[in-house]
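Presented below is the structure to which this report refers.
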Amino acid sequence: MASWGSVIRKGIIVHVLAVLRVPIVLHLHAGDFEAFYGALAPFGQRFVRGLFRRADRLIVLGDQWRCFLRDVAGVAERRVIVLENA
């Protein structure tokens, strides 16, 4: 998942999968996602946090993103997998 339109597209997919009770794995791979998130209105930020919280696992490319998901989005660390960016 990246920023802007990717969030909307993944949001639709995540909602459908959640209704169907299908496990959800998201991969956050946008280098500017913190700036994107910070520029969103409160409603948009709640929407993004909801996507992250619905995911069963989140794959990120470094510790910075693990901390972002934990501290900003409120995601439990046990659900975040760090795959170091080669």
Side-chain angles (χ1 to χ4, degrees):
M1 172 168 131
S3 313
W4 305 107
S6 178
V7 168
I8 296 167
R9 289 187 303 273
K10 293 343 175 266
I12 294 166
I13 294 168
V14 166
H15 178 72
V16 170
L17 294 177
V19 168
L20 296 174
R21 298 180 187 256
V22 174
I24 299 166
V25 176
L26 285 177
H27 170 215
L28 179 59
H29 58 84
D32 64 344
F33 198 85
E34 282 183 280
F36 162 74
Y37 178 84
L40 291 173
F43 171 80
Q45 290 182 353
R46 280 192 306 276
F47 178 79
V48 169
R49 287 192 309 270
L51 292 179
F52 290 141
R53 290 178 184 160
R54 280 192 173 129
D56 296 284
R57 293 288 182 271
L58 294 119
I59 300 171
V60 296
L61 299 179
D63 233 20
Q64 170 192 352
W65 297 113
R66 180 188 57 79
C67 292
F68 172 80
L69 290 173
R70 179 194 65 209
D71 300 340
V72 176
V75 174
E77 284 194 56
R78 63 181 163 69
R79 294 182 23 232
V80 180
I81 298 166
V82 177
L83 179 63
E84 295 296 334
N85 195 355

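Computed from a prediction, not measured in an experiment: that's the story for all the values here.
Follow the hydrophobic side-chain contacts under 4.5 Å out from Val7 and you reach Trp4 in the same cluster. Under the 4.5 Å side-chain heavy-atom criterion for ILVMFWY residues, no single connected hydrophobic cluster contains both Ile13 and Ile59. Connection of Met1 to Leu17 is established within a shared hydrophobic cluster, with ILVMFWY side chains joined at heavy-atom distances below 4.5 Å, either directly or through further cluster members.
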Show which side-chain atoms of residues 20-28 pair as donor or acceptor with protein atoms under 3.5 Å away, not counting sequence neighbours.
none

Considering only distance and modelled atom types, tabulate donor-acceptor pairs under 3.5 Å from the side chains of residues 69-83, sequence neighbours left out.
unit_1	atom_1	unit_2	atom_2	d
Arg70	NH1	Glu77	OE2	3.0
Glu77	OE1	Arg66	NH1	2.5
Arg79	NE	Ala55	O	3.1
Arg79	NH2	Phe52	O	3.1
Arg79	NH2	Arg53	O	2.9
Arg79	NH2	Ala55	O	2.6

**Request:** Dump the intermediate steps for side chain to side chain contact (heavy atoms under 4.5 Å, CB included) on Phe33 and Val48, then the final yes or no.
**Result:** CA-CA 11 Å; Phe33 198 85; Val48 169; 3.8 Å; yes

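Partners of Arg49 under the side-chain hydrogen bond (donor to acceptor under 3.5 Å, both in side chains) rule, at least two apart in sequence or in another chain, are Tyr37. Every residue meeting the side-chain hydrogen bond (donor to acceptor under 3.5 Å, both in side chains) condition with Glu34, not counting sequence neighbours, appears here in chain and number order: Gln64.
Across all their heavy atoms, Asp32 and Ser3 have their closest contact at OD1-OG, 3.2 Å. When all heavy atoms of Gly11 and Phe47 are compared, the closest pair comes out as CA-CZ, 3.9 Å.
Evaluation of the side chain to side chain donor-acceptor pair (under 3.5 Å) test over residues 10-20, restricted to residues two or more places apart or in two chains, returns Ser6-Lys10.
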